[in-house]
Amino acid sequence: MRVLLNLDFMEKIDTLDKKILEIIMNNARIPSKDVAQVCGVSRAAVHQRIQRLIDDGVITGSGYNVNPKLLGYSTCTFIGLTLERGSMYRTVVPELLKIKEVVECHFTTGHYTMMIKVYARDNEHLMSLVNDRIQHIEGVAATETLISLEQSISRTLPIYFDE
């Protein structure tokens with residue numbers, strides 16, 4: 001059985017919306033006229049549908065994926081942060097935003113209070129980021145750094161999943 005991931009939008013998202021989402025999630029640069037042709041509707045209909053999906057918060061962004069290694073960031077890491085108190089999350093996040101190499105931040109359950117994804121030029125740069133910047137943020141009690149050796153999977157979520 002196939003089920004829509006976000007059940008709140010089940011009634012708002014019809015078959016055409018789902019088809020449009022599948023197409024643009026696989027190729028965000030595809031021209032609207034090509035999406036319209038595949039879906040059998042007008043370019044205006046595709047544009048209106050996409051705009052509604054943006055307005056409804058289904059589509060939350062767009063952009064290009066850039067290879068960090070080609071920009072000189074050869075080390076990808078995940079850093080678990082333990083905070084003195086979980087409520088300090090609200091004050092730690094603005095400080096992490098000041099570190100441009102931090103590309104993701106998650107408030108988590110489990111061993112860590114937060115998990116961040118960081119790109120560094122090399123291990124020396126990573127050590128500086130951890131020791132001189134991240135560990136100096138008020139409220140950060142401990143860190144654990146996990147270096148990614150290779151990214152094996154990178155994909156968007158499907159609109160549906162099988163139960």
Side-chain angles (χ1 to χ4, degrees), residues 1-73 75-81 83 85-120 129 133-134 137-140 146 148 150-163:
M1 180 176 166
R2 294 170 74 87
V3 178
L4 185 63
L5 286 176
N6 188 338
L7 298 176
D8 294 337
F9 287 101
M10 183 172 259
E11 292 181 14
K12 287 185 172 186
I13 298 177
D14 63 16
T15 304
L16 178 57
D17 291 330
K18 293 171 192 171
K19 183 65 177 170
I20 292 169
L21 284 170
E22 284 177 336
I23 293 167
I24 65 175
M25 284 172 61
N26 287 316
N27 180 3
R29 295 188 289 181
I30 189 169
S32 294
K33 68 177 181 60
D34 293 348
V35 176
Q37 185 177 23
V38 170
C39 294
V41 297
S42 70
R43 184 185 315 177
V46 168
H47 178 73
Q48 289 170 352
R49 295 287 184 123
I50 290 173
Q51 189 58 54
R52 184 178 50 77
L53 292 167
I54 291 169
D55 294 343
D56 288 346
V58 176
I59 297 173
T60 58
S62 63
Y64 296 101
N65 293 323
V66 177
N67 183 341
K69 289 181 181 180
L70 297 179
L71 297 178
Y73 293 91
T75 304
C76 174
T77 61
F78 297 90
I79 302 174
L81 304 179
L83 303 186
R85 292 183 317 277
S87 62
M88 296 187 85
Y89 176 82
R90 290 178 189 88
T91 59
V92 170
V93 170
E95 295 304 312
L96 290 170
L97 280 168
K98 296 176 184 176
I99 304 170
K100 69 180 180 350
E101 294 88 350
V102 175
V103 296
E104 289 184 25
C105 176
H106 303 267
F107 188 43
T108 61
T109 62
H111 186 72
Y112 306 109
T113 314
M114 301 169 67
M115 183 69 73
I116 60 175
K117 182 176 181 181
V118 176
Y119 283 101
L129 288 169
R133 308 265 324 262
I134 296 168
I137 296 172
E138 185 177 342
V140 174
L146 308 163
S148 172
E150 177 181 311
Q151 181 177 338
S152 302
I153 298 173
S154 177
R155 62 180 171 203
T156 61
L157 283 174
I159 296 172
Y160 297 99
F161 68 94
D162 292 324
E163 284 190 330

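Predicted, not measured: the structure shown is a model, and the values here were computed from it.
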With side chains defined as the heavy atoms from C-beta onward, is the minimum distance between Ile23 and Cys39 less than 4.5 Å? yes

Determine whether Glu138 and Thr91 make a side-chain contact, defined as any pair of heavy atoms from C-beta on separated by less than 4.5 Å. no

Between Ile30 and Val38, is any pair of side-chain heavy atoms under 4.5 Å apart? no

Side chain of Asp56, backbone of Leu53: donor and acceptor closer than 3.5 Å? no

Nearest heavy-atom approach of Ala45 to Ser42 is N-OG, 3.0 Å

Between CE on residue Met115 and CG on residue Leu146, distance to nearest 0.5 Å: 6.0 Å

Distance-minimising heavy-atom pair for Asn26 and Glu22: ND2-O, 2.9 Å

Gln51 versus Ile54: any side-chain heavy-atom pair under 4.5 Å? yes

Side-chain atoms of residues 102-111: list all donor-acceptor pairs with protein atoms under 3.5 Å, sequence neighbours left out, distances to 0.1 Å.
residue: Glu104; atom: OE1; partner: His106; partner atom: NE2; Å: 2.9
residue: Thr108; atom: OG1; partner: Tyr112; partner atom: O; Å: 2.7
residue: Thr108; atom: OG1; partner: Thr113; partner atom: O; Å: 3.4

I'd like to know whether CG of Asn65 has more than 12 heavy-atom contacts from other residues, nucleotides or ligands below 6.0 angstrom. no

Taking the side chain as C-beta and beyond, is there a heavy-atom pair between Ile20 and Leu16 under 4.5 Å? yes

Here the pair of heavy atoms bringing Val92 nearest to Met114 is CG1-SD, 3.9 Å

I need the Asp34 CG to Arg43 CZ distance, nearest 0.5 Å. 9.0 Å

Ile134 vs Ile116 side-chain heavy atoms within contact, under 4.5 Å: yes

Steps toward side-chain contact (heavy atoms from CB on, under 4.5 Å) verdict (Ile79, Leu129): CA-CA 11 Å; Ile79 302 174; Leu129 288 169; over 6 Å; no

May I ask you to check whether over 12 heavy atoms, not counting those of Arg52, lie within 6.0 Å of atom CZ? yes

Measuring only between side-chain heavy atoms, which start at C-beta, is Thr75 closer than 4.5 Å to Val118? no

For the residue pair Cys76 and Lys117, what are the closest heavy atoms and their distance? SG-CE, 3.7 Å

Tell me, do Arg49 and Val41 make a side-chain contact under 4.5 Å, heavy atoms counted? no

What's the separation between atom CD1 in Ile13 and atom CG in Leu21, rounded to the nearest 0.5 Å? 6.0 Å

